[in-house]
Amino acid sequence: MKLQGIVAAVLALACMAGSAWAAGRTEKPSDEKMEISLIAYNNRGVPTPETSRVQKFLEDRFHIQMKPWTVDWNEKEQINVRIASGDIPDVWMGYAFPLQQMGAIREIPKEALYKYMPKYMQQCEECGGRDLWQSTVLADGKNWGIPTALSIATAGPAIVIRGDWMAKVGWTKPIETLDELESLFVKFRNEDPDGNNAKDTYAYTGYKNSSAIYQTTFAQVFGAYGVRVLTWEKKGDHIEGSMVSPAYRDALKRLQSWYKKELMHPEFAVHMRKDIDALMANGKVGAFEDWSNWLASFTTTGPWGKITAANPAHQPAYVVSPSGPTGLKGNYSRPAAPWNEPQVMGTGVSDKKMDRILQIIEEMYADPKLYAVMLAGFEGEEYKWNKDGVLDPIPLTPEQVKKLETEKGPLGTGYFRVNSVLPSIEKAYTTPARYPIDNWIRAAQTRLDYGFTPSFNEEQRVKDSNLTTLMTQFYYNAITGKIDVDAEWNGYVEKWMKQGGKELLEEATKQYLKTLK
Amino acid sequence: MKKTGSWRDRVLDGILMAIMILFTASIVLPFWSMLVDSFSTKDSVLRPGLKLFPRPVTVQSYRDVFASGIVAVGYMNTVIRAAVGTVLTLVCCFAAAYAISKPKLPFRKTVSMLLLITMFFGGGLIPTYLWFKQLGLIGSRWVLILPHVAMAYYIIIMRRFLEAIPAEMEESAFIDGASAMRILFRIMVPLSMPVIATVGLWSVVFHWNEWFDAMIYDAKTEHTVLQLLLRRVLIENQSSAMLNLEVEDEARLQRTEEAVKAATMFVSIGPVILIYPFIQKYFVKGIMVGAVKG
Amino acid sequence: MKQGISTVKKADAASRADGRSRGAATWAAVVQHRHYYALLLPVMALLVLIHYVPMAGIVIAFKQFNIKGGLWHSPWVGFKYFKQMLETPSFLAILWNTVRISFLKVLFGFPAPILFALILNEIPGLRAKKVFQTVSYLPHFLSWVVVAGLVMSMLSIQGPVNYVLSLLGGKPVIFMQESGLFTGIVVVSDIWKGIGWGSIIYLAAIAGIDVQLYEAAAMDGARRLQRVLHITLPSLVPIIGTLFILRMGGLLNAGFDQVLNLYNPMVLDKADIIDTYVYRTGLVQMQYSFSAAVGLSKNLVGFLMVVLTNATVNRLGGTTLT
């Protein structure tokens with residue numbers, strides 16, 4: 001016993017000496033922790049705490065001192081006012097154009113990006129292509145932010161169709177053409193698929209979203225005509241506007257015929273997003289188009305979850321890129337999201353700090369496990385990895401979350417988060433329900449070349465906004481049959497051109513040709 | 001005042017009652033529906049048609065609202081700003097209204113104009129923020145109170161009411177040698193209870209509902225006001241786990257759970273409805289105090 | 001008081017010969033009213049401190065705001081942003097929508113709470129009165145998100161209005177998609193939401209009416225309607241006048257929150273107001289100069305309307321605001 005005690009004591013002393021020696025070795029006087037202020041991004045609806053466990057983890061990992069703003073990023077006005085008053089963080093997400101105009105951000109040269117974030121940029125280029133720089137390069141040709149790319153959205157939207165309704169009307173074959181889709185919709189409307197002896201079912205619907213009509217609702221239909229709405233299309237040696245192209249007109253006419261045949265809910269332009277859930281749950285619509293994350297939720301926890309649970313034979317069917325009357329097909333995908341803000345850095349950031357931040361983000365995006373900590377917390381506590389290596393969140397009730405918080409301290413997530421989802425970390429970002437759908441869509445879809453996005457100056461941006469209004473009105477009036485598309489088409493194109501479309505096309509062509517060199 | 005009612009009067013009474021009942025019903029129905037929603041589950045809330053009773057009944061939505069535990073802090077902060085703000089506002093505005101209700105006050109027109117101008121012109125968000133920052137008001141409770149004390153709208157209305165009070169009321173006291181202050185408090189205030197109650201109500205409700213100024217000027221966690229907290233609850237409770245930022249704002253924010261939305265509404269509106277009956281007496285049947293004495 | 005008046009008058013007469021005694025008379029009046037100035041002091045101090053100092057920052061509408069320059073040293077661009085607003089292709093339509101909606105809201109929405117207060121006052125039974133009044137203001141507390149949802153479900157294809165229509169043999173109408181109906185929907189829903197809350201000030205005014213006036217009138221044989229017209233209504237006139245003048249100041253505020261929640265792309269031609277246009281096109285994303293320009297324009301128009309209305313009401317014999 002006594003011997004053991006002595007050995008133990010000696011070992012302990014040796015360990016302590018060793019660690020002291022080791023500690024002495026690493027703590028060089030020049031080894032200061034770099035201070036970085038930032039705004040964190042998460043969807044928890046609570047302000048970022050002053051310190052948190054994830055923050056501590058990241059500080060240790062990167063050997064930095066983080067100073068997060070204790071704000072909730074949803075409260076943008078607050079953030080913007082502070083920035084405008086001169087209180088600028090080192091790195092955060094914001095729109096490059098107004099920020100640069102205000103003099104809030106610093107330039108991030110492309111050389112630095114490629115030097116310190118090689119893997120990130122490589123993946124971005126694969127996903128985003130030439131569209132990559134659209135939200136960061138401004139009219140002066142300089143780059144003002146870290147570009148973003150969404151590999152996950154290279155899986156565009158898809159149409160999901162109720163499985164039990166398909167069974168009821170006796171549809172068994174897969175849908176590959178637009179005409180087939182229409183036939184199915186006709187059946188949904190007329191053959192009483194919910195069996196209640198009332199003609200109260202519609203095949204399809206949308207919702208009002210005046211600022212983003214190019215996203216979903218009818219992306220597959222437009223794709224079947226080879227069109228992606230609201231795009232500056234590359235046509236060899238010049239740019240054309242998709243919203244004034246003949247193919248767009250034809251697609252609108254097709255949709256109008258659908259509306260007249262009552263395939264679409266007559267109030268599709270009026271519905272709010274939340275009405276869709278009610279419509280689906282109450283058996284009023286049989287199909288809907290949306291991004292894969294929503295699709296996954298519809299059929300698991302959402303309005304159609306019970307259907308699949310009740311009868312596994314009634315799996316929902318997904319349709320993507322059906323081919324149109326001329327054999328064209330395509331799906332909208334937006335690998336670089338123009339409305340989301342890129343990562344920008346404040347004017348006060350030194351080159352050295354900028355390089356370090358770029359390095360941090362590069363590391364974050366190379367390692368899914370690290371990314372998962374930043375995004376969601378700690379393995380075993382907030383999530384686990386499923387058999388495909390996909391992040392599976394552990395559902396915690398608000399009370400459980402509170403309990404964890406009081407016991408261990410606030411969690412805190414979203415530090416240094418960039419609005420990119422790249423192949424290297426995709427599995428940490430998606431969910432088990434969404435992952436197979438994404439893969440399926442990616443395999444089955446035909447991606448439309450996503451066109452070109454020019455960098456407009458202030459006057460041009462204003463014109464662009466106004467044109468969108470013009471386009472939106474025509475779009476909805478055409479589909480609901482308020483106007484005769486053929487009769488009004490030329491007038492619409494003329495108006496579009498006159499109100500600035502022509503000028504914007506010329507500018508876009510100019511910039512496009514420069515990139516070809 | 002009950003006279004032997006003529007049949008005409010009774011018919012009129014009936015019509016008026018009918019109108020009121022219809023109007024009241026148009027309000028009670030949707031509110032009841034929302035109350036039911038707040039006690040419903042996330043699935044049953046989507047069922048169509050007018051719901052008379054929650055099936056099944058659950059308090060989960062209210063639990064979600066209160067889960068973070070800081071709702072109590074939110075209530076307290078809101079009560080503080082409403083109470084202090086309203087008292088200060090009433091005192092300052094009523095005093096000012098009394099002053100400018102005096103026709104012989106020199107520069108009265110100028111003062112009124114100065115007040116009126118503030119109702120329409122202001123520096124805007126950035127100048128105001130920069131100035132408050134200079135004053136050191138950012139992050140202080142006072143920034144939620146002081147900007148709403150000198151309210152031209154309230155002063156103008158109070159002045160109107162004061163002008164309607166016959167001059168004899170004051171003159172007797174004036175002749176007796178009472179000072180302006182004394183007249184103000186002993187005579188004018190009791191005679192003005194209806195308008196004071198009205199403006200007080202406006203002020204309390206304003207402070208109760210206001211969250212934008214709290215978000216911009218005083219975002220300290222200890223000072224968070226109720227409405228701001230509830231807004232955050234709504235964001236937190238969006239349907240389907242949304243770590244995703246790739247979906248743009250409009251669609252994302254619209255998918256908050258209906259049941260939680262309804263619950264937050266009642267959490268927010270509840271206290272105001274509870275207090276209201278105590279001040280209602282000033283609007284529904286008030287009596288002019290006494291007559292001119294002496 | 002009488003003495004005071006004659007002092008001033010005498011001084012006035014004298015001052016035609018000597019300008020200085022007019023000043024002295026004014027100073028005398030100021031001193032005489034010093035207690036009232038003391039009452040005015042807190043408000044005036046706050047006005048300067050809180051409202052007037054930042055007002056100078058209105059120059060931001062004329063500058064290209066950047067952080068380094070701040071409010072004072074940012075480059076001057078004059079009327080650039082005002083021009084930008086005016087050069088919007090649909091500017092006239094947007095302006096007209098704003099004015100039309102606002103005007104109709106005043107035409108129908110201004111008298112509504114007055115009428116409501118009068119009716120409520122005539123309801124027999126104190127308890128009924130109290131209940132009706134308490135319920136009436138509840139919608140004021142609902143956000144427009146909620147109320148718009150209610151309106152839309154009322155007017156939807158499967159909603160009660162269309163149901164009644166079908167019973168009467170008509171075809172279902174998608175009300176929310178008809179541009180022509182939008183203004184009406186906005187005005188009516190605004191009235192529903194605000195009538196109870198808006199009537200409170202009038203109830204307060206009615207509460208101040210001497211009960212004896214009614215009794216005297218009743219004894220003189222005045223009927224119900226006559227009592228309302230000759231006692232209740234006249235006592236409301238001063239406050240109605242004031243509120244009307246102030247209401248006209250909001251001419252270019254057609255109700256941003258409400259319209260934003262109620263409108264949809266189908267009715268843009270009649271529904272787009274200044275604020276929704278500016279919001280939707282994202283032109284105010286951190287564009288503080290532009291939003292300041294828009295705001296200043298709206299406020300200027302509002303202020304002019306108030307001055308104009310004030311002068312008109314004054315000429316018609318009503319009281320003036322200043």
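Computed from a predicted model, the values in this text were never measured in an experiment.
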Let me know if [X] has heavy atoms under 4.5 Å from chain B in its side chain, its backbone, both or neither.
X      : value
C:V59  : neither
C:A205 : both
C:P139 : both
C:L243 : side chain
C:I239 : both
C:I200 : both
C:Y137 : side chain
C:I195 : side chain
C:I123 : side chain

Value rounded to 0.5 Å, distance of [atom1] in [X] from [atom2] in [Y]:
X      : Y      : atom1 : atom2 : result
C:L138 : B:F31  : CG    : CZ    : 4.5 Å
B:L35  : B:M265 : CG    : CE    : 8.5 Å
C:M44  : C:Y37  : CE    : OH    : 10.0 Å
C:Y202 : C:S235 : OH    : OG    : 12.0 Å
C:L40  : B:I100 : CG    : CD1   : 7.0 Å
B:I196 : B:M188 : CD1   : CE    : 10.0 Å

Below 4.5 Å from any heavy atom of chain C, which atoms of [X] appear? Answer side chain, backbone, both or neither.
X      : result
B:M119 : side chain
B:I155 : side chain
B:T110 : neither
B:V205 : side chain
B:I27  : both
B:F94  : neither
B:L12  : side chain
B:F161 : side chain
B:M17  : both
B:M34  : side chain
B:I269 : side chain

Would a distance-only check, ignoring hydrogens and angles, find a side-chain to backbone donor-acceptor pair under 3.5 Å from [X] to [Y]?
X      : Y      : result
C:S289 : C:K63  : yes
B:K261 : B:S38  : no
B:Y282 : C:A207 : no
C:N299 : B:F120 : yes
C:S74  : C:N66  : yes

Count the heavy-atom pairs under 4.5 Å between each of [options] and chain C, then report the option with the highest count.
options               : answer
B:L137, B:L201, B:V91 : B:L201
B:I19, B:I21, B:V199  : B:I21
B:L88, B:V111, B:I117 : B:I117
B:L115, B:T128, B:D13 : B:D13
B:F23, B:F121, B:W208 : B:F121
B:G123, B:P30, B:G124 : B:G123

Checklist entry - If you take all heavy atoms of B:M20 and C:F116, which pair is closest and at what distance? => result CE-CE1, 3.4 Å
Checklist outcome for this item: Shortest non-hydrogen pair, B:L105 vs B:A99, comes out as CD2-O, 3.5 Å
Max heavy-atom pair count under 4.5 Å with chain B, selected residue of [options]:
options                       : value
C:V146, C:V306, C:N121, C:T26 : C:V306
C:V307, C:L300, C:V145        : C:L300
C:T242, C:L203, C:V131        : C:T242
C:K298, C:M55, C:H51, C:Q158  : C:M55
C:L142, C:L150, C:V30, C:L41  : C:L142

Next on the checklist: Checking side-chain polar atoms at under 3.5 Å, does B:Q134 have a donor or acceptor matched by the opposite partner on B:Y129?
Outcome noted: no
Checklist entry - Hey, mind stepping through B:R159 and B:S101 against side chain to side chain donor-acceptor pair (under 3.5 Å) and telling me if it holds? => result CA-CA 5 Å; B:R159 170 183 149 180; B:S101 70; over 6 Å; no
Checklist outcome for this item: Which of B:F212, B:F132, B:W142, B:W211 passes ring pair (Phe, Tyr, Trp, His ring centres under 6.0 Å) with B:Y217? It is B:F132
Checklist entry - For residues 130-142 of chain C, which residue pairs qualify under salt bridge (charged side-chain N to carboxylate O under 4.0 Å, His left out), counting only residues two or more places apart or in two chains? => result none
Item to check | Those residues that, when tested against B:R108, pass salt bridge (charged side-chain N to carboxylate O under 4.0 Å, His left out) (two or more places apart) | outcome: B:E163
